[in-house]
Novice: 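Take this structure, written in structure tokens, and hold onto it; I'll ask about it next.
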2 protein chains.
Amino acid sequence: MRLSARTQYALRAAAELAAAPPGPVPAEKIAAAQDIPRRFLDNILLQLRRAGLINSQRGPDGGYWLARPAADISLADIIIVVEGVSQDSERFPGVAEPLADVWGALRDYEQATLSEITLAHIASGSLPPL
Amino acid sequence: MRLSARTQYALRAAAELAAAPPGPVPAEKIAAAQDIPRRFLDNILLQLRRAGLINSQRGPDGGYWLARPAADISLADIIIVVEGVSQDSERFPGVAEPLADVWGALRDYEQATLSEITLAHIASGSLPPL
DNA sequence: TTTATCCCTACTTAATAAGTCGGCTTCGTC
DNA sequence: GACGAAGCCGACTTATTAAGTAGGGATAAA
């Protein structure tokens, strides 16, 4: 479950938006609250917007907000956007072949868990039973 | 669950030893069976030996073999040796704090699964229910 | 004494991640 | 319509890690 700093930042920024009162939140505020390098955050928010997860508004009193209710955005939704989809298909010759099943099972569990947890869970601090 | 090529190689090499008949297996044979760069494999086997997971014998008819029964060596045992122990402790300011619990839960599940599966499971091709 | 094998440190190269830069665009206010 | 507060955007640089290579040295059996 190794996540890049970029992905962690994306999740934390999204959590910040989920917890904010309705209305645009400026990137500057997110950066300060989550201690994320400002320019890097711009970059990440842009990616989330292009993916349709958040909306934005320019100009004074502009900022970002979630494009859907927090309960409708899962952690997996965000991770998939930032990490990109992985086309691995490692080779497992001969006797090592069952390893593929192990990785598959772990991946499935992880996927299921991350699809179940939403930004609403994070923002409210009450996670479903894991 | 991102594993480095090095770790994958280590697991595959160990699986090869687990499946081999008793007696030393030369690195060359492992490299061929699992399509692992020869010199790189040397390096990895050395690490496994220093960790006490495998034994070795030099000279003609030398090679490597498991230091313990295959049923007593879990995937986690190998992974911990090769990946090293991670001292991360990421920061999760404010509202993002529950994310730490999610990663913790996922890590625990993964750890439990990988500790349960042994080289004997891999070599025999019969995994415990996942 | 030759040959097959492991032992060991250090090095190089390739890939990816992390973060920075410069400047442009939009929009509300005065 | 000028100004300032914001977001938009591609390209660039730097740091870190992963992956693999090199060049020998040490052992042991025949």
Side-chain angles (χ1 to χ4, degrees), chain A residues 2-13 16-17 20 23-32 34-67 79 81-88 90-91, chain B residues 2-13 16-17 20 23-32 34-67 79 81-88 90-91:
Chain A
R2 165 76 188 140
L3 290 181
S4 65
R6 183 180 182 88
T7 305
Q8 298 274 7
Y9 289 157
L11 291 165
R12 283 158 52 186
E16 205 63 35
L17 294 181
V25 181
E28 184 57 40
K29 195 170 172 187
I30 301 173
Q34 289 293 327
D35 194 26
I36 301 171
R38 178 55 215 279
R39 295 290 220 141
F40 196 18
L41 177 60
D42 271 1
N43 200 307
I44 294 164
L45 290 170
L46 184 59
Q47 186 172 21
L48 294 178
R49 187 185 61 86
R50 283 177 171 160
L53 292 177
I54 63 178
N55 292 127
S56 62
Q57 168 70 49
R58 298 210 252 201
D61 296 313
Y64 299 88
W65 63 97
L66 298 179
I79 292 171
V81 163
V82 181
E83 300 267 282
V85 70
S86 61
Q87 76 284 358
D88 38 270
E90 182 87 19
R91 287 274 80 85
Chain B
R2 165 77 189 138
L3 289 181
S4 65
R6 183 180 183 88
T7 304
Q8 299 273 8
Y9 289 157
L11 291 164
R12 283 159 50 186
E16 207 62 35
L17 293 182
V25 182
E28 184 56 43
K29 195 170 171 188
I30 301 173
Q34 289 293 325
D35 194 28
I36 301 172
R38 177 56 215 279
R39 295 292 221 141
F40 197 17
L41 177 61
D42 270 4
N43 199 310
I44 294 165
L45 291 170
L46 183 59
Q47 185 173 21
L48 294 179
R49 187 185 59 85
R50 284 176 169 158
L53 293 177
I54 63 179
N55 292 128
S56 63
Q57 167 71 48
R58 297 207 251 200
D61 295 313
Y64 298 89
W65 63 95
L66 297 180
I79 292 171
V81 164
V82 181
E83 299 267 281
V85 68
S86 63
Q87 76 282 358
D88 38 272
E90 182 87 18
R91 285 275 79 86

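Any value given below was found using the heavy atoms of this structure, including those in side chains, with hydrogens, waters and symmetry copies removed. All figures in this text were calculated on a predicted structure; none of them were measured in a lab. Reminder, nothing fancy here: chain letters follow the sequence lines and each chain counts from 1.
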Novice: Atom pairs under 3.5 Å, N or O on each side, protein against nucleotides 1-7 of chain D: can you list them with distances?
Specialist:
residue	atom	partner	partner atom	Å
D/dG7	OP1	A/Ala27	N	2.7
D/dG7	OP2	A/Arg38	NH2	3.2
D/dG7	N2	A/Arg58	NH1	3.3

Novice: Using whole Å, report how far CZ of A/Arg6 lies from C1' of C/dT20.
Specialist: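 A/Arg6 atom CZ is separated from C/dT20 atom C1' by 13 Å.
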Novice: Is B/Tyr9 near enough to D/dG20 that one of its side-chain N or O atoms lies under 4.0 angstrom from OP1 or OP2?
Specialist: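 Indeed, a polar side-chain atom of B/Tyr9 lies that close.
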Novice: What nucleotide, of C/dA10, D/dC9, C/dT20, holds the atom closest to the side chain of A/Arg50?
Specialist: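 From the listed options, D/dC9 comes nearest.
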Novice: CD1 of A/Ile36 versus P of C/dT20: gap in Å, rounded?
Specialist: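 The distance from CD1 of A/Ile36 to P of C/dT20 comes to 13 Å, rounded to the nearest Å.
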Novice: Can you measure B/Leu48 atom CG to C/dC6 atom C1' for me and round it to whole angstrom units?
Specialist: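 Result: 14 Å.
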Novice: Does A/Ser4 make a side-chain N or O approach to OP1 or OP2 of C/dA18 shorter than 4.0 Å?
Specialist: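 So the side chain of A/Ser4 is within the cut-off, an N or O lying under 4.0 Å from OP1 or OP2 of C/dA18.
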Novice: Measure across A/Arg2 and A/Glu83 and return the closest heavy-atom pair with its distance rounded to 0.1 Å.
Specialist: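 In this case the closest contact between A/Arg2 and A/Glu83 is O-OE1, 4.1 Å.
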Novice: Measure from CG on A/Asn43 to C1' on C/dG22 and round the result to the nearest Å.
Specialist: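 Roughly 14 Å, once rounded to whole Å.
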Novice: Can you tell me if the side-chain N/O atoms of B/Arg39 get under 4.0 Å from OP1 or OP2 in C/dA10?
Specialist: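 So the side chain of B/Arg39 is outside the cut-off, no N or O lying under 4.0 Å from OP1 or OP2 of C/dA10.
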Novice: Check the distance between D/dA11's P and A/Leu46's CG and give it to me in whole angstrom.
Specialist: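 My rounded result for the distance is 13 Å.
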Novice: Can you tell me the distance, in whole Å, between the CD1 atom of B/Ile44 and the C1' atom of C/dC7?
Specialist: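 Answer to the nearest Å: 15 Å.
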Novice: Could you check how far CG of A/Leu3 sits from P of C/dT16, rounded to whole Å?
Specialist: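 Interatomic distance, CG of A/Leu3 to P of C/dT16: 17 Å.
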Novice: Please collect all side chain to side chain donor-acceptor pair (under 3.5 Å) contacts where either partner lies in residues 57-66 of chain A, sequence neighbours excluded, each pair once.
Specialist: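 Listed once each, the pairs would be none.
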Novice: Name each donor-acceptor pair under 3.5 Å that joins a side chain in residues 34-56 of chain A to protein atoms two or more places apart or in another chain, with its distance.
Specialist:
residue	atom	partner	partner atom	Å
A/Gln34	OE1	A/Arg12	NE	3.0
A/Gln34	NE2	A/Glu16	OE1	2.6
A/Gln34	NE2	B/Pro93	O	3.0
A/Arg38	NE	A/Asp42	OD1	3.3
A/Arg38	NH1	A/Glu28	OE1	3.1
A/Arg38	NH2	A/Asp42	OD1	3.0
A/Asn43	OD1	A/Arg6	NH2	3.1
A/Gln47	OE1	A/Arg6	NE	3.1
A/Gln47	OE1	A/Arg6	NH2	2.8
A/Gln47	NE2	A/Val81	O	3.3

Novice: In whole Å, I'd like the distance from the CZ atom of B/Phe40 to the P atom of C/dT9.
Specialist: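 Going from B/Phe40 (CZ) to C/dT9 (P), I get 16 Å.
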